[in-house]
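Structure, as structure tokens:
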Amino acid sequence: MTPEQVNLVQQSFAEVAPISEQAAALFYGRLFEVAPAVRSMFPDDMTEQRKKLMATLAVVVNGLTNLEAVLPAASALAKRHVSYGVKPEHYPVVGGALLWTLEKGLGDAWTSDTAAAWTAAYGTLSGYMISEAYGRSQAAE
Ligand code: HEM
């Protein structure tokens with residue numbers, strides 16, 4: 001990721017922060033619409049899950065300026081996800097729902113540069129998480 005892309009991701013995330021509860025609800029709504037099979041992996045009551053997701057995204061987004069500092073936590077998170085039943089192929093589905101949510105949440109502020117920056121950020125994070133949890137051979141991207 002270029003420094004400009006890190007800036008774009010951090011600035012656009014700051015814009016959705018005030019509506020993070022709605023953004024998280026939008027995200028899971030979209031995820032369960034495009035991938036209904038994953039619904040049963042999550043608890044019935046998604047209140048806590050929504051908060052955890054947004055809090056973790058905030059840590060990762062802030063950590064983009066000092067990636068080494070967040071990698072141990074990302075590795076541990078990825079390994080916990082194996083026990084939730086998450087497979088490597090779920091990561092692009094989640095990435096798609098995340099980008100869709102940001103596009104909806106940001107409206108006119110969502111540009112092709114913002115999209116490219118988020119694609120790079122999610123690709124870097126998910127590629128790292130997949131290789132940590134399942135081994136490098138699985139991390140195709
Ligand atoms: C960058 C990607 C992701 C981030 C930042 C993320 C974040 C989180 C966080 C913070 C938790 C709370 C529990 C914990 O910390 O261990 C969690 C739980 C969970 N995540 Fe993710 N996640 C990601 C990718 C995925 C993917 C690809 C799936 C696949 C569907 C998924 C499914 C789940 C499930 C099923 C739980 C457990 C819910 C429960 O039993 O309480 N996550 N995730």
Side-chain angles (χ1 to χ4, degrees), residues 1-107 109-141:
M1 287 180 79
T2 66
E4 290 76 21
Q5 287 184 318
V6 170
N7 267 336
L8 269 178
V9 167
Q10 291 181 335
Q11 281 167 15
S12 55
F13 191 72
E15 282 177 52
V16 293
I19 54 149
S20 71
E21 289 281 305
Q22 293 100 301
L26 208 60
F27 165 77
Y28 285 111
R30 175 68 176 180
L31 179 63
F32 298 151
E33 192 183 307
V34 296
V38 306
R39 178 63 186 95
S40 61
M41 291 162 64
F42 289 90
D44 291 342
D45 182 350
M46 291 294 290
T47 316
E48 285 307 310
Q49 184 69 31
R50 285 201 282 269
K51 288 184 189 144
K52 284 183 201 164
L53 173 79
M54 295 311 287
T56 304
L57 278 180
V59 171
V60 172
V61 165
N62 289 325
L64 288 174
T65 32
N66 183 15
L67 209 52
E68 291 73 32
V70 298
L71 292 184
S75 174
L77 179 69
K79 288 169 186 165
R80 287 199 298 278
H81 276 69
V82 178
S83 66
Y84 304 148
V86 174
K87 303 273 184 260
E89 57 266 30
H90 291 131
Y91 280 87
V93 181
V94 163
L98 180 65
L99 263 76
W100 179 91
T101 304
L102 290 162
E103 183 174 0
K104 295 276 158 201
L106 288 169
W110 181 258
T111 65
S112 58
D113 284 349
T114 319
W118 273 96
T119 302
Y122 186 80
T124 303
L125 176 65
S126 63
Y128 177 74
M129 288 175 71
I130 291 169
S131 70
E132 286 296 296
Y134 309 95
R136 207 150 292 282
S137 62
Q138 297 290 317
E141 294 147 299

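Indexing begins at 1, ligand by ligand and atom by atom, following the structure's order.
Residues Leu8 and Phe13 have side chains not in contact (no heavy-atom distance under 4.5 Å, counting atoms from C-beta outward). Side-chain atoms of Thr101 and Tyr28, non-hydrogen and from C-beta on, never get closer than 4.5 Å to each other. In this structure, the side chains of Arg30 and Lys104 stay at 4.5 Å or more apart for every pair of heavy atoms. Between Tyr122 and Val94, the closest side-chain pair of non-hydrogen atoms falls below 4.5 Å.
With rounding to the nearest 0.5 angstrom, the OG atom of Ser75 is 4.5 Å from the OH atom of Tyr128. Rounded to the nearest 0.5 angstrom, Gln49 CD and Phe27 CZ are separated by 9.0 Å.
Residue Met129 places a heavy atom under 4.0 Å from ligand 1.
For an aromatic pair to be called close, the ring centres must be under 6.0 Å apart, and Tyr84 with Phe42 fails this.
Checking Val94, Leu77, Val59 against atom 7 (C) of ligand 1, the nearest heavy atom belongs to Leu77.
At least one N/O-N/O distance between His81 and ligand 1 falls below 3.5 Å. Checking only distances, Arg80 does come within under 3.5 Å of ligand 1, N or O to N or O.
For atom 1 (C) of ligand 1, the closest non-hydrogen atom on the protein side is Leu125 CD2, 3.3 Å. Given atom 39 (C) of ligand 1, the protein heavy atom at minimum distance is Pro43 CD, 3.6 Å. When hydrogens are left out, the protein atom nearest atom 32 (C) of ligand 1 is Phe42 CZ, 3.2 Å; that is the closest non-hydrogen contact. When hydrogens are left out, the protein atom nearest atom 10 (C) of ligand 1 is Thr56 OG1, 2.9 Å; that is the closest non-hydrogen contact. Counting protein heavy atoms only, atom 14 (C) of ligand 1 is closest to Tyr84 OH, 3.2 Å. Looking only at heavy atoms of the protein, atom 17 (C) of ligand 1 is closest to Gln49 NE2, 3.3 Å. Ranking the protein heavy atoms by distance from atom 35 (C) of ligand 1 puts Met41 O, 3.5 Å first. The closest protein non-hydrogen atom to atom 28 (C) of ligand 1 is Val86 CG2, 3.6 Å.
Close approach of ligand 1 to Lys52 is summarised as follows: ligand atoms under 4.0 Å from at least one heavy atom of the residue are 10 (C), 12 (C). Every atom of ligand 1 is numbered from 1 in the order shown, and the set under 4.0 Å from a heavy atom of Tyr122 is 1 (C).
Not one N or O on the side chain of Gln5 forms a donor-acceptor pair closer than 3.5 Å with the backbone of Trp118.
For Asp45 and Thr47, the side-chain atoms include at least one donor-acceptor pair closer than 3.5 Å.
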